[in-house]
Amino acid sequence: MINYKNELNQGQYEAVVRTENPLLVLAGAGTGKTRVITYRIAYLINEIGIEPERILAVTFTNKAAEEMKHRLRGLVGTAASSVWMGTFHSISLRILRRDGSAVGLKPGFGVIDQDDRMALFREVIKTLKIDHKKYPPKQYMNKISWFKNTPQYVERQIPDAGSFHRIDEVFREYQKRLDEQFLIDFDDMLSLTIRMFEVSEEVRQYYSSMFEHILVDEYQDTNAIQFMFLRLLAGRSGRICVVGDDDQSIYGWRGADIRNILEFDKHFEDVEVVKLTENYRSTADIIARANTLIKNNAMRRGKELTAHLEMEGALEHHSLLNETSEADFVTKMISKYADEGVSYGDMAVLYRTNAQSRNFEVNLNKVGIPYKVVGGTAFYQRREIKDLLSYLRFFDNSFDSVSFSRSLTTPSRGIGTTTIDKIRDFASKNAVSLIEAVKQMFPSFSRNQQEGFRQYVGIMDHLASFTKVSDMVNGVIERTGYKDYVLANESEEEAKKRIENIHELYNAAVAFEETSPEGTLTDFLASTSLSTSTDEASGDRVSLMTIHSAKGLEFDTVFLTGLENGLFPLYGSIDEPEQLEEERRLCYVGITRAKRNLYVTCAESRIMYGNRTVSARSYFLEEMGFAKAKASFTPSTRQFDRFQPKARKPMQPQGKEASSNSKAGKKVRHEKFGDGIVISTSGEGASEKAEVFFKNAGGLKKIVTAFLTFVDE
DNA sequence: ATCAGAGGTGTTTTT
DNA sequence: CACCTCTGAT
């Protein structure tokens, strides 16, 4: 049926048929990674005779899993749906649903989503009377999230006391509340699964022998405990195949450990390695730029892509005056290509930070070009959706206090925080559910409040009369009068959008019933917590997204924007070689998204923090070989600091060579903060301020230039 | 209990 | 700039 030899090149073929030993596939951008994975699974099923449900395939996003399943269906038909395919998180969740009792989870446990988790941290900080201004809840959340991704947490340790203000207390209190509410958070999915494997040899054995073959996509972005997960299932000599590209590792900040891929052959026995370097995506020009850029990185296994498509395209760099002209330029080019017949869905505008999307949005709107901002607020994060779901969440889990207070107060019923806090206390002290607390405390409420509660409890009772998730969704929409509430409180335009979303929620519930006929409300709610904005379809519209979100995607025409020092590479990374390398990899990912046309832009100044700041061209521009901007698009005569094209230890900025009107990159000294590097400047004359990164004194600070001494080297 | 307005604060990137 | 939280007025 499938002719593997004909449909794959030599390297891909090897990657597909070597199924005995641990296999590392180093697959550069556009070298047919997805093809390898799908064909390998097909090969395992069709040629080796492995049962599809004994194959585990881990992807980076839910969307990638869907895409892969779709492609696999084309190769093996309905068997595709039996393969275990999904992200580490979704697979872990599935495992925990079945065996979570081994680590003390109650069968119907819920999953708290990111926003609610943040809300929970705020509560905790408040209860512990910690000054949230001095110690923002967000920091605790990040630190604890980070900690939950370490082997120590898997081993049940508690964060090092003293490492951050009262963090162990916060951790305990936060965890206590989660436990009380029978909730787990995002990070728990993975760490609890691994803990379970360690605690229960029986469970581990069950999954380990069930999965005869494990495949992992985007292996370069796995972290320490994801590695543990794989090791526990596959053993040291197991049948595991990981596919990745060390040059595309861009999640170090999230704990991804590039050593997982660099040292794969140390972690497993008898490892075979296949390198895929033949690129079938981009023009030779694009590949050449990508290669020269990434050569500047020291931490890599080292490989060079070769272009295999006979195709011509544009590859240009344009330096624009400011962020508006950058957006103008991009918009103009998009129109041009659209006129030439390139469809909108085949074009993408990429940037380093989400905040940059605005200018493009404004301009594209003006001209009427359809676009989609990927990575904005995810569907399930929208206010109206969260409001409605909070009823279902509370109905599903009457211990969930975040959902309780949200649903109880939207639309408002004359019950406020004071009363809610009382109910919480009561429930917590008596170890009863919140709904039980309400019932017992009922006589103590004022008449008005009693009316509110009666209505609220009525909705919950109403929900109990349904079995189908979609009916419940509909029930909430009807009984809360949510549409009227929206119409009464929002502008007509806004209300229309929200109501559309509400209908979409109902559709999602119907779709859920179709894809998982056995699925419960709990499952549906968990799936909403796992869903992210990158999972949503984009249609025939121009994609606006961060380079991180663009990972794994490709477009005919790509605009890579904002190539300025301080923005891309971003501030903090400039002085840290390792981080700078990650930024460079990110740039590499950006370049290699383009198939035919690539435009790389920068702006000489842009508004940041509300004032206009001038910044220097990105190091990466010179490294890609864009030594000078095109004359026609550089009205400014300003000179920028230049760097040796092949500096190894990237770039101690050379202050001396900078011109007088751009101080970016210069080394400075401040009486109090010590040595630093100027990132950008704003203002004129005596009020001129410089944004300076102080390595040893708290990072980025804004200082009036007069207080700085410029240091010559 | 709710809302509007002031004022302070901080920004990467996301499963 | 844009968000968020706190405050004081209804």
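Because the structure is predicted, anything quoted here is derived from the model rather than measured. Values reported hereafter were calculated over all heavy atoms of this structure, with side chains retained and with hydrogens, waters and symmetry mates removed. Convention: sequence-line order gives letters A, B, ...; per-chain numbering from 1.
Here A:Arg606 lies out of heavy-atom contact (under 4.0 Å) with every strand. Residue contacts for A:Phe88: at a heavy-atom cut-off of 4.0 Å it reaches no nucleic acid atom on any strand shown.
Per the stacking criterion (ring centres < 5.5 Å, plane angle < 30°), A:Phe60 does not stack onto the base of B:dT15.
Among the nucleotides B:dT12, B:dT14, B:dT15, the one closest to any side-chain atom of A:Thr353 is B:dT12. For A:Thr419, taking side-chain heavy atoms from C-beta onward, the closest of the listed nucleotides B:dT15, B:dT13, B:dA1 is B:dA1.
Distance check on atom C1': C:dT5 versus B:dT12 gives 23 Å, rounded to whole Å.
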Close N or O pairs between protein and nucleotides 2-7 of chain B (under 3.5 Å):
{"residue": "B:dT2", "atom": "OP1", "partner": "A:Ser412", "partner atom": "OG", "Å": "3.4"}

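For the pair A:Arg606 and A:Glu564, the salt-bridge criterion is met [side-chain N within less than 4.0 Å of a carboxylate O]. The residues A:Glu451 and A:Arg413 are annotated as not salt-bridged, no charged nitrogen and carboxylate oxygen being separated by less than 4.0 angstrom. Looking at A:Asp221 and A:Lys551, a side-chain N of the basic residue comes within less than 4.0 Å of a carboxylate O on the acidic one, giving a salt bridge.
When the P atom of B:dT14 is taken as reference, atom CE of A:Met189 falls 18 Å away, rounded to whole Å. What separates CZ of A:Arg122 from C1' of C:dT5 is a distance of 9 Å, to the nearest Å. What separates NE2 of A:His548 from P of B:dT12 is a distance of 12 Å, to the nearest Å. If you measure from atom CG of A:Asn354 to atom P of C:dC3, you get 12 Å, rounded to the nearest angstrom. Between the CG atom of A:Asp113 and the P atom of B:dT15 there is a distance of 14 Å, given to the nearest Å. If you measure from atom CG of A:Leu567 to atom C1' of B:dT13, you get 12 Å, rounded to the nearest angstrom. Note: CD1 (A:Ile112) to P (B:dT15) measures 18 Å, nearest angstrom. The interatomic distance linking A:Leu586 (CG) with B:dT13 (P) rounds to 11 Å, in whole Å.
Contact annotation: A:Ser90 side-chain N/O to B:dT15 OP1/OP2 distance is not under 4.0 Å.
Because its NZ or CZ atom is not both nearer than 6.0 Å to the ring centre of A:Tyr588 and within 45° of the ring axis, A:Arg585 does not count as a cation-pi partner of that residue. Both the sub-6.0 Å distance and the 45° axial angle are satisfied by A:Arg195 relative to the ring of A:Tyr153. Judged by a 6.0 Å distance limit and a 45° cone about the ring axis, A:Arg97 is positioned over the six-membered ring of A:Phe109.
Remark: the A:Glu583 side chain and the B:dT13 base include no donor-acceptor N/O pair separated by less than 3.5 Å.
Aromatic ring centres of A:Tyr371 and A:Phe360 lie farther apart than the 6.0 Å criterion allows.
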